[in-house]
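Below is one structure, written out as structure tokens; comments come after it.
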Amino acid sequence: QVQLVESGGGSVQSGGSLRLSCAVSGITYGSYCMGWFRQAPGKEREGVAGIARDGMIRYADSVKDRFTISQDNAKNTLYLQMNSLKPEDTAMYYCAADLFCLILRKDMVRTTVDYWGQGTQVTVSS
């Protein structure tokens, strides 16, 4: 049974920080590219950051220089360190596993994602 379980979401004030985690089980973690997506109410799900098996990283322009994606292959865990949070970062954040690594493209394709987590809510107040 494949499970992607996010944690670490919460409510913070503008300028604050949060660290999201995604614990992965049921798949060969090293075979997948991993990523974070987010979806705000009334908006489409969008890519935030992705990381490849070889460590290649992609960030959405809106989070570059503020967010950092990382992973611990030994723990099968993906992280997203979010600093300098803004109200527009408010969204449900989802962990994703993508065997074909299209999430590493500049447009961070989500349609080929194989597995999704259940999401963790991030709320940033001004």
Side-chain angles (χ1 to χ4, degrees):
Q1 180 183 0
V2 179
Q3 286 191 309
L4 282 68
V5 181
E6 301 98 333
S7 60
S11 297
V12 295
Q13 290 191 327
S14 182
S17 298
L18 284 173
R19 188 192 195 206
L20 306 183
S21 298
C22 174
V24 181
S25 61
I27 60 174
T28 303
Y29 185 85
S31 297
Y32 288 77
C33 289
M34 300 298 299
W36 291 96
F37 288 74
R38 67 186 181 187
Q39 188 167 17
K43 295 188 176 181
E44 289 192 354
R45 192 169 297 190
E46 63 176 4
V48 175
I51 186 166
R53 298 177 282 270
D54 61 1
M56 176 184 171
I57 289 174
R58 168 76 67 186
Y59 291 106
D61 289 341
S62 58
V63 306
K64 205 171 293 183
D65 299 325
R66 298 188 299 122
F67 291 10
T68 302
I69 189 171
S70 63
Q71 60 187 353
D72 186 333
N73 290 332
K75 295 182 178 179
N76 290 0
T77 302
L78 180 72
Y79 304 99
L80 185 69
Q81 177 67 43
M82 305 185 295
N83 298 328
S84 302
L85 282 160
K86 305 174 181 180
E88 50 263 45
D89 295 318
T90 295
M92 186 72 79
Y93 283 71
Y94 297 91
C95 176
D98 177 6
L99 188 62
F100 292 106
C101 296
L102 295 186
I103 61 175
L104 271 295
R105 284 178 23 164
K106 186 172 175 62
D107 55 355
M108 301 192 75
V109 175
R110 71 178 188 274
T111 54
T112 58
V113 168
D114 297 278
Y115 302 104
W116 293 98
Q118 83 289 348
T120 185
Q121 177 68 37
V122 171
T123 303
V124 185
S125 58
S126 57

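All of these numbers come straight from a predicted model, not from anything done at the bench.
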- prompt: Should Lys86 and Val63 count as side-chain neighbours, where that means a heavy-atom distance under 4.5 Å?
  reply: no
query: Taking everything shown except Asp54 itself, do over 12 heavy atoms lie less than 6.0 Å from its CG?
result: yes
message: When you measure from the side chain of Thr90 to the backbone of Val124, do you find a donor-acceptor pair of N or O atoms at a distance under 3.5 Å?
response: yes
- line: Taking every heavy atom of Ala40 against every heavy atom of Ala91, the minimum-distance pair comes out as N-CB, 3.8 Å
- line: For Leu4 and Ala97 the tightest heavy-atom approach is CD2-N, 3.9 Å
- prompt: What's the shortest heavy-atom distance between Pro87 and Ser125, and which atoms?
  reply: CG-C, 4.5 Å
task: Dump the intermediate steps for side-chain contact (heavy atoms from CB on, under 4.5 Å) on Arg58 and Asp107, then the final yes or no.
output: CA-CA 10 Å; Arg58 168 76 67 186; Asp107 55 355; over 6 Å; no
statement: CG of Leu78 to OG of Ser21, rounded to nearest 0.5 Å, is 8.5 Å
task: Give a yes or no on whether the backbone of Gln118 and the side-chain of Glu6 come within a donor-acceptor separation of less than 3.5 Å.
output: yes
query: If two hydrophobic side chains count as joined below 4.5 Å and joins carry through other members, does Val24 share a cluster with Trp116?
result: no
- request: Rounded to the nearest 0.5 Å, what's the gap from CE on Met34 to CD1 on Ile69? Could you check?
  value: 8.0 Å
- request: Search all heavy atoms of Ser62 against all heavy atoms of Arg38 and return the closest pair with its distance.
  value: OG-NH2, 3.4 Å
query: Is a side-chain donor or acceptor of Arg110 paired with a backbone partner of Arg45 at a separation under 3.5 angstrom?
result: yes
- request: State, yes or no, whether a side-chain contact exists between Tyr32 and Tyr115 at a heavy-atom distance under 4.5 Å.
  value: yes
query: If you round to the nearest 0.5 Å, how far is CD1 of Ile103 from CH2 of Trp36?
result: 11.5 Å
query: Quick one: does Tyr79's side chain have a donor or acceptor within less than 3.5 Å of a partner on Thr68's backbone?
result: no
- prompt: Minimum heavy-atom separation for Leu80 to Ala49, with atom names?
  reply: CD1-CB, 4.2 Å
- request: State the OG-CG distance between Ser31 and Asp98, to the nearest 0.5 angstrom.
  value: 12.5 Å
- prompt: With side chains defined as the heavy atoms from C-beta onward, is the minimum distance between Val122 and Met82 less than 4.5 Å?
  reply: yes
- prompt: When rounded to the nearest 0.5 angstrom, what distance separates CZ in Arg53 from SG in Cys33?
  reply: 4.5 Å
- prompt: Is any side-chain heavy atom of Arg105 closer than 4.5 Å to a side-chain heavy atom of Thr112?
  reply: no
Distance (rounded to the nearest 0.5 Å) between Gln81 CD and Leu20 CG: 9.0 Å
- prompt: Around atom NZ of Lys64, are there more than 12 heavy atoms of other residues, nucleotides or ligands at under 6.0 Å?
  reply: yes
- prompt: Can you check whether Leu85 reaches Phe67 side chain to side chain, under 4.5 Å on heavy atoms?
  reply: yes
task: Examine Ile57 and Tyr29 and state if one hydrophobic cluster contains both, with Ile, Leu, Val, Met, Phe, Trp and Tyr joined whenever side-chain heavy atoms are less than 4.5 Å apart.
output: yes
field: Tyr94 side chain near Val113 side chain, heavy-atom distance below 4.5 Å
entry: no
field: Donor-acceptor contact below 3.5 Å, side chain Asp114 vs main chain Leu99
entry: yes
message: If I compare all heavy atoms of Gly50 with all of Leu104, which pair ends up nearest, and what's the gap?
response: O-CD1, 3.8 Å
